[in-house]
Amino acid sequence: HRDLHSFPTRRSSDLDWADDEETGGGYEADEAAAPASGLAGGPWDADDAFPARDRADFGSLLVPITPMQQIELATDGERVIWVSVKSGQSELRVHAFAAPRSSGLWEEVRPEIAAELASVGTTAQEAEGPFGIEMFAHVPVQPGNPAAGTVPMRFIGVDGPRWLLRGLIIGAAAAGTEPAEPYEDILSDVVVVRGDHPMPPRDMLELRLPAEIQQAIEQQAAAQAAAQEAAGGEGDDGEQAPHQIDLNPFERGPEFTETR
């Protein structure tokens, strides 16, 4: 069971999306949903003329980066399920989903999120934000355990051509005790790479490690394997040493870590 603040996905979340009756036909429609505009005019579709900026390539998402950010890639054990940008007491989580060409998803997803929040005793409030209508709630850290407290969260959705980008601002920036603009700016300048291949609506677009990060992991794994072989392959207790992955191959720049 995953906490609400772990940013839900279609297959492993507390805020799960119900199965869609459309299983592929929606993307054959002629009319495209126009993306909402945030602070910088985005988020952008990969076919847009988006402005040049340092962005990390996570496959379906190109995420703006700065040297002061810490970027985490969270997995469900099998795949990357979100990209998280952290600084101070705040965090932005993003991932994207396939959507029908003829209509957006955010309007129908919001009531589902509100219902799930209500099931753990939390009331969601809707308000107009820089990306359109968004939701705010104080989400229990541990549903059923009030003593664990709550976390403020802003649920943001942006409909684009055949995709829905979801953002979750967590912590001080959601509550207003830290500026939200840096996270809104990042979300506004994300580029969504939907691809032309057919996908059922609500399927999550694949996230993957940037090429330089994957290369660093493979090099470190090879070096560790060589060192282990030179040492006899196993420790004194007969068990292999745990595998520590350094996801920060850059001399200067954002820190990348991986969480499960």
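Here, residue 1 is the first one in the sequence, and each next residue gets the next number.
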request  = Enter the distance from Ile81:CD1 to Leu207:CG here, rounded to the nearest 0.5 Å.
outcome  = 9.5 Å
key: Any donor-acceptor N or O pair under 3.5 Å, side chains Gln220, Glu218   = no
request  = Identify the heavy atoms of Pro64 and Gln69 that sit nearest to each other, and give their distance.
outcome  = O-OE1, 3.4 Å
inquiry  = Pair Phe155, Val139 - check side chain to side chain contact (heavy atoms under 4.5 Å, CB included), show working.
reply    = CA-CA 11 Å; Phe155 297 81; Val139 181; 4.2 Å; yes
ask   = Would you say Leu92 and Leu168 make side-chain contact, with heavy atoms under 4.5 Å?
value = no
inquiry  = I'd like to check Val151 versus His138 (side-chain heavy atoms, cut-off strictly below 4.5 Å). Are they in contact?
reply    = no
message = How close do Glu107 and Arg110 get, counting heavy atoms only, and between which atoms?
response = CA-NH1, 3.5 Å
Backbone of Gly157 reached by a side-chain donor or acceptor of Arg166 within 3.5 Å = no
query = In Å and rounded to the nearest 0.5 Å, what is the CG to CG distance from Leu165 to Leu205?
reply = 9.5 Å
Beyond-backbone contact of Thr123 with Leu117, side-chain heavy atoms, under 4.5 angstrom = no
message = Walk me through whether Arg79 and Glu206 qualify under salt bridge (Lys or Arg N to Asp or Glu O under 4.0 Å).
response = CA-CA 8 Å; Arg79 58 176 183 162; Glu206 182 183 4; over 6 Å; no
query = Looking at Ser90 and Glu178, what are the two nearest heavy atoms and their distance?
reply = OG-OE1, 2.6 Å
query = Counting only heavy atoms not in Glu126, do more than 12 fall under 6.0 Å of its CD?
reply = yes
Any Phe131 side-chain heavy atom under 4.5 Å of Leu187 side chain = yes
ask   = Can you name the closest pair of heavy atoms from Val158 and Pro43 and give their distance?
value = CG1-CD, 3.7 Å
From Arg194 atom CZ to Arg101 atom CZ, the distance as rounded to the nearest 0.5 Å = 8.5 Å
key: Check ion pair Glu91-Arg93 (N to O, under 4.0 angstrom)   = yes
ask   = Is a salt bridge present between Glu112 and Arg202, judged by a nitrogen-to-oxygen distance below 4.0 Å?
value = yes
query = Is a donor on one side and an acceptor on the other found under 3.5 Å between the side chain of Asp203 and the backbone of Ala98?
reply = no
task = Look only at the side chain of Trp106 and the backbone of Ile133, and say whether a donor-acceptor pair between them is shorter than 3.5 Å.
result = yes
ask   = Is a salt bridge present between Asp189 and Arg53, judged by a nitrogen-to-oxygen distance below 4.0 Å?
value = yes
query = Is the shortest heavy-atom distance from the side chain of His95 to the side chain of Met204 under 4.5 Å?
reply = yes
ask   = Donor-acceptor pair, Asp185 side chain versus Ser188 backbone, under 3.5 Å?
value = no
message = So, taking the atom named CZ in Arg55 and the one named CD1 in Ile65, what distance separates them when rounded to the nearest 0.5 Å?
response = 10.5 Å
ask   = If we only count heavy atoms from C-beta on, is the Phe58 to Val63 side-chain gap below 4.5 Å?
value = yes
remark   = Tightest non-hydrogen contact, residues Glu128 and Gly132, listed as OE2-CA, 3.4 Å
task = Apply the side-chain contact (heavy atoms from CB on, under 4.5 Å) test between Val192 and each candidate in Leu61, Leu62, Leu164, Asp48; give the one that qualifies.
result = Leu61
Distance, nearest 0.5 Å, that separates CG of Asp45 from CZ of Arg162 = 9.5 Å
task = Look up atom CD1 in Ile186 and atom OG1 in Thr66, then write down how far apart they are to the nearest 0.5 Å.
result = 6.0 Å
remark   = For Ala174 and Phe136, the nearest pair of non-hydrogen atoms, with its separation, is O-CE1, 3.5 Å
inquiry  = Does any part of the side chain of Phe97, heavy atoms only, come nearer than 4.5 Å to the side chain of Pro201, both counted from C-beta?
reply    = no
Candidate pair Met135 and Gln125, rule side chain to side chain contact (heavy atoms under 4.5 Å, CB included), full reasoning = CA-CA 5 Å; Met135 304 173 68; Gln125 301 173 345; over 6 Å; no
query = Any side-chain heavy atom of Ile170 sitting closer than 4.5 Å to one from Tyr183?
reply = no
note = The salt bridge (Lys or Arg N to Asp or Glu O under 4.0 Å) partners of Arg154 (sequence neighbours excluded) come to Glu134, Glu184
